Participant: 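Below is one structure. I have some questions about it.
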Amino acid sequence: MAKINHLDMGAEVLALDDVQEKKGFMGLTIKLIYKPTNSAIKIKEKEYSAEDGKKLINILNSTPSEVESSILKSATIIQYTIKGRFMSR
């Protein structure tokens, strides 16, 4: 599992009022809790091939009205790989 401090938007997530940071023994581990539901927040990093990474970027950069058409244009399932070039966080 990824560490929140290593993410590009980690500081913004920790600044939210609904997110609580609980430090474990001697501050070695950090657990994030979503306060309204008392749910644990899990962070995952996935890597993608260059081709699938470009498809994913096109989908993410599309406007809300164009998302469906962007997904249909990719026409394949976007899968993460062990050794990919693009990383999503």
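Quantities reported herein were computed from a predicted structural model and do not represent experimental measurements.
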Participant: To check you understand the geometry: which heavy-atom pair defines the closest contact between Ile33 and Ile41, and what is its length?
Facilitator: C-CD1, 4.2 Å
Participant: Apply side-chain contact (heavy atoms from CB on, under 4.5 Å) to Glu68 and list each qualifying residue two or more places apart in sequence or on a separate chain.
Facilitator: Leu72
Participant: Are the side chain of Lys35 and the backbone of Asp17 linked by a donor-acceptor contact shorter than 3.5 Å?
Facilitator: yes
Participant: Under the side chain to side chain contact (heavy atoms under 4.5 Å, CB included) rule, what do Leu56 and Asp52 come out as? Steps first, then yes or no, please.
Facilitator: CA-CA 6 Å; Leu56 190 59; Asp52 284 345; over 6 Å; no
Participant: Identify the two heavy atoms, one from Asn58 and one from Ser70, that lie closest to each other, and give their separation to 0.1 Å.
Facilitator: O-OG, 4.2 Å
Participant: Do Glu21 and Leu32 make a side-chain contact, defined as non-hydrogen atoms from C-beta onward lying under 4.5 Å apart?
Facilitator: yes
Participant: The criterion is side-chain contact (heavy atoms from CB on, under 4.5 Å); which residues satisfy it with Ser69, sequence neighbours excluded?
Facilitator: Glu66
